Amino acid sequence: MKNTVPNMEKLEENYKVPNLEKGIAVIEYLSLHFQGETLQSIKSALDISQTTAYRILNTLVRLDYLIYDEDTKRYKLSRKLLTLGFRSLNEHNLLETVLPRLRDLRDQVKETACFGVLGDEKGIFIEQAQGHHTFRFILSPGKSFELHCSAPGKAIMAYLPNTVRDRYLSYMKFEQYNSRTITTREAYLAELEKVRNFGYALDNEEELNGVICVGAPIFNYTGYPCGAIWISGPKDRLSKEVTRSSAVCIKKIAEDISRDLGFRKNEN
């Protein structure tokens, strides 16, 4: 009697689309290289032929998933994937709600104003309104940020449901960047309690020496902290007095965004 059990490996092989897999590999590779990469670098890193790499790259450029810089000859990711990601989270209206308010915050405090959300294990920077000062901070969309030593990380973590917060805590290694970095779960939980008391979070040079960040959470209509806004600047400009006044602005604008998203504090 013949063996009728299907060969699963053969079936899987029959349904593979090699060029699609290579296209996804290109996207994943470029996600780790914010400044972009050349055709030669991409084909060498992924071990694909120049012709195949060229066709994949130009197809992705035509479909607006990649941007090609004629001067540097580099390909880099566009923001189209970011938009798709927001749609998959059912938060597609979040960015368009945040952006005008982010610019308002920037205009009030003059420093770079940022917006980010939680990723699988860390935070993800989404967008910014660049500050008015000559010296200002510029980040690349998609860049991750630590949860234990960043203002947005603390701001979001402080208001997560316990089960969700504990899951993120299990991923955290509490990497120490300097003497001000929080390095234990106990100290971090105490810090989150302070955030809930004050309504905003502070990164007091805990990751980068000389850099201060102040952030507040954004809530959706269910009362879930779906993101955070924050400002970053050098400590020479963000004195204790300026930090306190900036925190008032950040909290107010975060509340405005949350209200636009349907959040009602007295109902949650």
Side-chain angles (χ1 to χ4, degrees), residues 17-89 91-103 105-107 110-146 150 152 207-208 211 213 227-234:
V17 183
N19 280 346
L20 177 59
E21 292 183 345
K22 291 171 183 176
I24 292 173
V26 168
I27 290 173
E28 291 180 344
Y29 176 71
L30 289 176
S31 73
L32 302 175
H33 298 81
F34 302 117
Q35 302 304 315
E37 289 292 344
T38 64
L39 169 63
Q40 294 301 320
S41 297
I42 294 168
K43 83 176 189 65
S44 296
L46 300 179
D47 193 24
I48 54 181
S49 72
Q50 180 153 324
T51 300
T52 299
Y54 183 77
R55 287 176 176 172
I56 289 172
L57 289 167
N58 280 277
T59 298
L60 292 172
V61 169
R62 179 171 57 81
L63 296 175
D64 295 326
Y65 286 98
L66 298 184
I67 297 169
Y68 179 64
D69 189 318
E70 291 282 357
D71 296 327
T72 63
K73 309 299 182 187
R74 289 173 178 265
Y75 295 86
K76 63 180 180 179
L77 292 180
S78 71
R79 299 192 181 186
K80 188 171 184 179
L81 285 170
L82 194 63
T83 302
L84 294 179
F86 263 80
R87 288 175 182 169
S88 72
L89 294 172
E91 296 285 4
H92 55 277
N93 67 327
L94 180 55
L95 188 56
E96 64 187 42
T97 301
V98 169
L99 276 179
R101 302 285 191 178
L102 208 59
R103 298 187 190 104
L105 176 59
R106 182 269 315 278
D107 292 341
K110 312 305 179 187
E111 301 290 351
T112 296
C114 305
F115 165 61
V117 299
L118 281 181
D120 291 336
E121 297 185 10
K122 298 183 179 182
I124 303 174
F125 167 73
I126 301 297
E127 191 54 278
Q128 66 191 342
Q130 293 183 19
H132 293 311
H133 297 284
T134 303
F135 174 75
R136 58 184 183 266
F137 296 95
I138 300 176
L139 298 174
S140 299
K143 181 177 176 59
S144 64
F145 57 82
E146 299 288 350
S150 69
E207 183 174 2
L208 295 174
V211 178
C213 301
I229 58 172
W230 71 96
I231 64 167
S232 298

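Being a predicted model, the structure only gives us computed values, none of them experimental.
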Return the minimal non-hydrogen interatomic distance between Lys43 and Gln50, and the atom names on each side.
-> CE-OE1, 3.3 Å
State which residues pass side chain to side chain contact (heavy atoms under 4.5 Å, CB included) with Ser31; sequence neighbours excluded, sorted by chain then number.
-> Leu77
Applying side chain to side chain donor-acceptor pair (under 3.5 Å) to Glu146 and not counting sequence neighbours gives Lys122, Tyr177
Sub-3.5 Å donor-acceptor pair from the side chain of Ser78 to the main-chain atoms of Tyr65, do we have one?
-> yes
What distance separates Leu105 CG from Glu111 CD, expressed to the nearest 0.5 Å?
-> 10.0 Å
Kindly say whether Gln130 contributes a backbone atom to a donor-acceptor pair with the side chain of Arg106 at under 3.5 angstrom?
-> yes
With Tyr54, which residues qualify under ring pair (Phe, Tyr, Trp, His ring centres under 6.0 Å), at least two apart?
-> none
What's the shortest heavy-atom distance between Phe145 and Pro152, and which atoms?
-> CE1-CG, 3.7 Å
Closest non-hydrogen contact found for Tyr29 with Ser41 is OH-O, 4.0 Å
Closest heavy-atom pair and its distance - Ile56, Lys22 = CD1-CB, 3.6 Å
Name of the residue among Thr52, Thr59, Leu46 meeting side-chain contact (heavy atoms from CB on, under 4.5 Å) with Val26 = Leu46
Return the minimal non-hydrogen interatomic distance between Phe115 and Gly227, and the atom names on each side.
-> CE1-CA, 4.4 Å
Hey, are the side chains of Tyr68 and Lys73 touching, using non-hydrogen atoms and a 4.5 Å cut-off?
-> yes
So how far is it from Thr38 OG1 to His33 NE2, rounded to the nearest 0.5 Å?
-> 10.5 Å
Smallest heavy-atom separation, Leu99 atom then Glu127 atom, equals CD2-CG, 3.2 Å
